[in-house]
Visitor: 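My questions will all concern the structure given below.
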Amino acid sequence: MITGEVAGTVVCTVKSSGLSGIPLLVVRLIESGKKAGLVVAADATRQAGLGDFVFLITSKEASAILRKPYVPADCAIVGFIDRYNEEIQEDWP
Amino acid sequence: MQICKVVGTVVSTNKTEKLSGMKLLLVRAIDLETWEEKGPLLVSVDTVSAGVGEVVMTVGGSSSRQTEATEAKPVDNSIVAIIDHIDVGSKRVFDRTDAENKT
């Protein structure tokens with residue numbers, strides 16, 4: 001799973017039927033404290049808003065979490081992060 | 001998911017029979033930060049009748065087989081939505097109606 005911050009929204013009316021009713025959000029990925037690229041994620045919690053720290057699940061599991069028969073999603077927001085701490089070991093290979 | 005631009009079409013008569021009857025489009029990923037097309041050209045199966053020049057959303061991997069059209073087919077990238085508009089922060093980085101007026 002990967003972490004990120006909700007940065008925006010995506011609106012599309014013409015879409016695959018499995019995606020209807022699921023908010024699509026732009027998430028800025030955060031890798032070890034630094035801001036990385038932007039991805040589009042389906043919001044499985046349906047509560048994420050701008051600026052929330054979230055963690056995402058990718059590939060087929062994203063479709064599974066959304067539980068409809070056919071959900072073509074390969075990235076889904078599954079939870080919120082209150083706080084996290086990171087010990088970056090110096091001798092990491 | 002990835003935001004891509006449809007840059008062309010792919011026509012293939014000699015292909016595995018499971019892919020017959022599928023519309024294949026050529027897409028290229030767009031960087032949401034700078035709105036530049038970057039990355040490789042990908043062949044993507046169209047499930048929402050997108051056209052060349054449109055900005056669409058694609059799904060990769062086995063999740064792309066989660067639509068009626070691509071179920072149990074040898075597909076690893078499919079177009080699942082045509083984008084109306086995208087906001088990043090408070091800025092609207094893409095609006096379909098503007099894009100259409102420009103061209």
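Each chain gets a letter, A, B and so on, in the order the sequences are listed, and its residues count up from 1.
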Visitor: Does anything in residues 8-16 of chain A get under 4.5 Å of chain B by heavy atoms, and if so which residues?
Guide: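 Within residues 8-16 of chain A, the residues that come under 4.5 Å of chain B (heavy atoms only) are A:Gly8, A:Thr9, A:Val10, A:Val11, A:Cys12, A:Thr13, A:Val14, A:Lys15, A:Ser16.
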Visitor: Test: salt bridge (charged side-chain N to carboxylate O under 4.0 Å, His left out). Region: residues 29-45 of chain B. Which pairs qualify, not counting sequence neighbours?
Guide: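 As it turns out, the salt bridge (charged side-chain N to carboxylate O under 4.0 Å, His left out) pairs with a partner in residues 29-45 of chain B, which skip direct neighbours, are A:Arg28-B:Glu33.
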Visitor: Side-chain heavy atoms nearer than 4.5 Å, only ILVMFWY residues, links allowed to pass through others: does that put A:Val27 and A:Ile22 together?
Guide: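 Unlinked, A:Val27 and A:Ile22 end up in two clusters.
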Visitor: Please identify, among B:Met57, B:Gln2, B:Glu71, the residue contributing the most non-hydrogen atom pairs under 4.5 Å to chain A.
Guide: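 Looking at each option in turn, the highest pair count goes to B:Glu71.
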Visitor: Decide yes or no for A:Val39 and B:Met1: does some side-chain heavy atom of the first lie under 4.5 Å from some side-chain heavy atom of the second?
Guide: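 Contact flag for A:Val39/B:Met1 side chains = no.
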Visitor: Let me check something: do B:Leu24 and B:Val7 share a hydrophobic cluster, defined by ILVMFWY side-chain heavy atoms less than 4.5 Å apart, either directly or through other members?
Guide: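 Shared cluster, yes.
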Visitor: Under 4.5 Å heavy-atom distance to chain A, tell me which part of B:Ser64 shows up: side chain, backbone, both or neither.
Guide: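 No part of B:Ser64 comes within 4.5 Å of chain A.
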Visitor: Go through the atoms of A:Ala73 and report whether side chain, backbone, both or neither lie under 4.5 Å from a heavy atom of chain B.
Guide: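 Both the backbone and the side chain of A:Ala73 come within 4.5 Å of chain B.
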Visitor: Are B:Val88 and B:Ile83 connected in the hydrophobic side-chain network, where two residues link if heavy atoms are under 4.5 Å apart?
Guide: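 Yes, same cluster.
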Visitor: Between atom CG of A:Asp74 and atom CG of B:Asp76, what is the distance when rounded to the nearest 0.5 Å?
Guide: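 That separation rounds to 11.0 Å.
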Visitor: Does any backbone or side-chain atom of A:Leu24 lie under 4.5 Å from a heavy atom of chain B? Answer side chain, backbone, both or neither.
Guide: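 The side chain, not the backbone.
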Visitor: Which of residues 49-62 of chain A have a heavy atom under 4.5 Å from any heavy atom of chain B?
Guide: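 At a heavy-atom separation under 4.5 Å, chain B is reached by A:Leu50, A:Ser59, A:Lys60.
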Visitor: Hey, are the side chains of A:Val40 and B:Leu32 touching, using non-hydrogen atoms and a 4.5 Å cut-off?
Guide: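 Yes, their side chains come closer than 4.5 Å.
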Visitor: What about B:Val80 and B:Val55, same hydrophobic cluster or not, with Ile/Leu/Val/Met/Phe/Trp/Tyr joined at side-chain heavy-atom distances under 4.5 Å?
Guide: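 Both belong to a single hydrophobic cluster.
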Visitor: Run the side-chain hydrogen bond (donor to acceptor under 3.5 Å, both in side chains) test against B:Ser63 and tell me which residues pass, sequence neighbours left out.
Guide: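 A:Ser63.
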Visitor: For the residue pair B:Glu68 and A:Tyr70, confirm or rule out a side-chain donor-acceptor distance under 3.5 Å.
Guide: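 A:Tyr70 and B:Glu68 do not have a side-chain donor-acceptor pair below 3.5 Å.
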Visitor: Most heavy-atom pairs under 4.5 angstrom with chain A, which of B:Ala50, B:Gly61, B:Ser62?
Guide: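 Of the candidates given, the most pairs with chain A belong to B:Ser62.
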Visitor: Is there a continuous path of hydrophobic side-chain contacts, each under 4.5 Å between heavy atoms, that joins A:Leu38 to B:Val93?
Guide: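 Yes, because A:Leu38 and B:Val93 connect within a single hydrophobic cluster, where side-chain heavy atoms sit under 4.5 Å apart.
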Visitor: Would you indicate whether B:Lys18, at its atom NZ, is surrounded by more than 12 heavy atoms from other residues, nucleotides or ligands within a distance under 6.0 Å?
Guide: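 At most 12 heavy atoms, drawn from other residues, nucleotides or ligands, come within 6.0 Å of this atom.
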